[in-house]
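To start, the structure itself, in structure tokens.
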Amino acid sequence: MGTLSENVNKDRDGGYYAVKGFLYQFDMTIKTILLNPSQDVLFEQLQDISYENFIIQVKHKESQTYAHSKIRKPIVQLLDLHKEDESKKYRLHCYFKNTVSHKKNLSIKELNDILSVEKSNYTAQQKAKFLKCFELYYTEDFITQFDEVISLIESSYSLKDRQEAILHHAMIRSHLLQLSINKDKLQRMINKSNLDSYVIKARKLFFDSGYASYLGREKYERYLKKMYFTVDLNLLNLERLFIVDVYEDLHFSIIAKIMSKIIRKYKRLSKSPPPIFYLRKLSRERTNHFKQLVYDNGDKFNDGTFFDGDRFRIEKFKDDNDCLFKIINEKNLEEVLSANYINEIYHFYLSDYLEIDGAKDRITNIHLEDISQILNII
């Protein structure tokens, strides 16, 4: 029995190697996704990785030397899976500190040596069939595989250098971690198309928040104003939708000021129609309360209905240019966008922005620290 400090150090080392093994598996998952762009890749399910017809176990044991006993358990697991489904192909990817990267085709004798006391649990026919669809790979060390994955990311996303690829690698690995801890195993799946969508969104969030931090709040606001909201007297006659992320306890007076500023800028008689608002993340109850206050103040607006509980009337909504503004909710958003008459969409978001199919060329997503910043950029 070792000392207390020796036991603590052993536990720490064990935790370190366990985490490193987990990251090694994630890197192999990333590599699998990028090398098989048309396939759905499942991970952290029955086995570590599976796609198409392949089921893969991954073992990273950089502190250990190879011995048959070290790979017995994963091979037994794959053998048992093969007994249930002989149509699949099975792989074991493993790394030990004294192995070099190569593919190994096992003989019956070598399989029996690995199985040891468990070899009698399987018939000669079962073992022979298994070996026809089983591949053993002694894989690269952690750093070599990491470098390979970084190069793959750099080429797959046409990045300018290795540093940019490393940033993307961190984002992708974080996304896989979030998927892997999902209680619903069906969600532990990704393909290249899904990954591309995530990368685009993460890149946008990373750039916006980083740019805001780099410039500072006031300079960032001036940049946004100049970039998106500086218009001359010849304001284009366009239908504009403003999606504003409103946290639930935001005072109605702030919401009213934001909307008033947008209305003053973009509603011009016979030149530009009233703007459309979607107060995202504001509850239905609070939205209705806000509309009541606006109506009580004598301001005319259009929400596409005639009475409480009425259906949304898209034609009435589209054709009305006499109101001060128009307002929709999440339920009506898809119908308004499907009518295909909105020319410009601006989404002011705090943490996550909407991905709207078919509107990528019309939407401008603007990251803010505080939604009241809109007052400084419009």
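Numbers here simply count residues along the sequence, with the first being 1.
Taking the centre of each ring, Y66 and Y138 come in below the 6.0 Å mark. For F290 and F252, the ring centers are positioned less than 6.0 Å apart. Two rings, from H347 and Y353, have their centers 6.0 Å or more apart.
Applying the side-chain hydrogen bond (donor to acceptor under 3.5 Å, both in side chains) test to R362 and every residue at least two apart in sequence or in another chain returns nothing.
For the pair K331 and F312, the cation does not sit on the ring face, since its NZ or CZ is not both under 6.0 Å from the ring centre and inside 45° of the axis. Annotation: cation-pi geometry not satisfied between R240 and Y346 (NZ/CZ under 6.0 angstrom from ring centroid, within 45° of ring axis). For the pair K192 and Y157, the cation-pi test (distance below 6.0 Å, angle within 45°) is passed. Taking the centre and axis of the six-membered ring of F325, the NZ or CZ atom of K267 falls outside the cone set by 45° and 6.0 Å.
A side chain to side chain contact (heavy atoms under 4.5 Å, CB included) with E118 is found for exactly one of L79, V76, N112, namely V76. Only one option out of I328, V246, D245, I243 pairs with L279 in a side chain to side chain contact (heavy atoms under 4.5 Å, CB included); it is V246.
The aromatic rings of Y223 and Y220 lie parallel to each other, their planes meeting at an angle below 30°, with 60° marking the opposite boundary. Ring geometry for Y198 against H175 counts as parallel: the plane angle stays under 30°, on a 0 to 90° scale with 60° as the upper cut.
For residues 150-164, every residue pair satisfying the salt bridge (Lys or Arg N to Asp or Glu O under 4.0 Å) rule, not counting sequence neighbours, is listed here: D147-R162. Sorted by first and then second residue, the salt bridge (Lys or Arg N to Asp or Glu O under 4.0 Å) pairs involving residues 249-258 (not counting sequence neighbours) form an empty list.
Taking every heavy atom of both residues into account, D27 and V149 meet most closely at O-CG2, 3.5 Å. Nearest heavy-atom pair across K326 and F317 is NZ-O, 2.6 Å.
Ionic pairing of E221 and K225 is not present here: no N-O contact between side-chain nitrogen and carboxylate oxygen is shorter than 4.0 angstrom. Between R313 and D320 there is no salt bridge, since none of the side-chain N atoms of the basic residue sits less than 4.0 Å from a carboxylate O of the acidic one.
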Intermediate values then yes/no, ring pair (Phe, Tyr, Trp, His ring centres under 6.0 Å), Y266 and F242
CA-CA 11 Å; Y266 290 103; F242 294 87; 5.4 Å; yes
How far apart are the C-alpha atoms of H82 and F130, what are their side-chain angles, what is the distance that settles it, and do they pass the ring pair (Phe, Tyr, Trp, His ring centres under 6.0 Å) test?
CA-CA 7 Å; H82 175 262; F130 173 69; 5.6 Å; yes
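More than 12 heavy atoms of other residues, nucleotides or ligands sit less than 6.0 Å from atom CD of E335. The 12-atom threshold is exceeded at CG of D184, counting heavy atoms of other residues, nucleotides or ligands nearer than 6.0 Å.
Using modelled atom types, one side-chain atom of E248 and one backbone atom of S283 make a donor-acceptor pair closer than 3.5 Å.
Transitive grouping of hydrophobic side chains (ILVMFWY, heavy atoms separated by less than 4.5 Å) brings L81 and L131 into a common cluster.
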